[in-house]
Amino acid sequence: MFELFKLVWDLIVLRDTAKKGMFNWRLFGMASGVVIFEYIIALSALALYQKHPEYKALFIGAMIFVAVSLIAFVWWGWLFQVRQAAA
């Protein structure tokens, strides 16, 4: 029940943000793409590591890459938000 409430609340917030001109389908597509990209990298590295523990260095490298790319995307999103607010 609580998950349904959170989902409805998220939709309300997204609708409000779209009305303010801060959200569009391009941003949604980019965010979804980054999430799917990172999910695929992390899951494939985890699955490989679980079956072949000798690839621990590859797993650690993939997790570092995922963390750095997530930080870069959040940084880009923050810069985009600041530019939108200044305009």
Side-chain angles (χ1 to χ4, degrees):
M1 182 70 175
F2 184 67
E3 292 296 322
L4 181 62
F5 174 75
K6 285 176 27 181
L7 182 63
V8 170
W9 180 251
D10 288 344
L11 290 174
I12 291 169
V13 170
L14 287 176
R15 185 173 178 201
D16 182 55
T17 307
K19 284 182 180 179
K20 293 178 183 176
M22 297 171 62
F23 178 77
N24 56 32
W25 286 106
R26 185 174 142 233
L27 287 175
F28 179 75
M30 288 174 61
S32 298
V34 168
V35 168
I36 291 169
F37 173 73
E38 292 199 355
Y39 190 72
I40 288 171
I41 291 174
L43 277 183
S44 60
L46 180 62
L48 179 67
Y49 177 64
Q50 285 178 343
K51 291 181 181 178
H52 305 284
E54 63 271 11
Y55 291 121
K56 185 176 184 177
L58 180 65
F59 172 71
I60 292 172
M63 293 302 110
I64 290 172
F65 176 76
V66 166
V68 168
S69 64
L70 178 64
I71 291 168
F73 183 72
V74 169
W75 176 256
W76 176 82
W78 180 76
L79 287 176
F80 183 78
Q81 183 181 9
V82 168
R83 289 181 189 155
Q84 288 289 94

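The figures here come from the full heavy-atom set of this structure, side chains too, leaving out hydrogens, waters and symmetry mates.
For residues 61-75, the set of pairs meeting the side chain to side chain donor-acceptor pair (under 3.5 Å) definition, not counting sequence neighbours, comprises E38-S69.
Annotation: ring-ring contact (aromatic ring centres under 6.0 Å, His included) contacts of F80 (sequence neighbours excluded): W76.
Going from atom CG of L70 over to atom CZ of F65 covers 11.5 Å, rounded to the nearest 0.5 Å.
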Can you list, pair by pair, the side-chain donor-acceptor contacts under 3.5 Å of residues 47-56, counting residues two or more places apart and other chains?
none

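Transitive grouping of hydrophobic side chains (ILVMFWY, heavy atoms separated by less than 4.5 Å) brings V68 and I60 into a common cluster.
Exactly one of I40, I41, V34 qualifies for a side chain to side chain contact (heavy atoms under 4.5 Å, CB included) with F37. That residue is I41.
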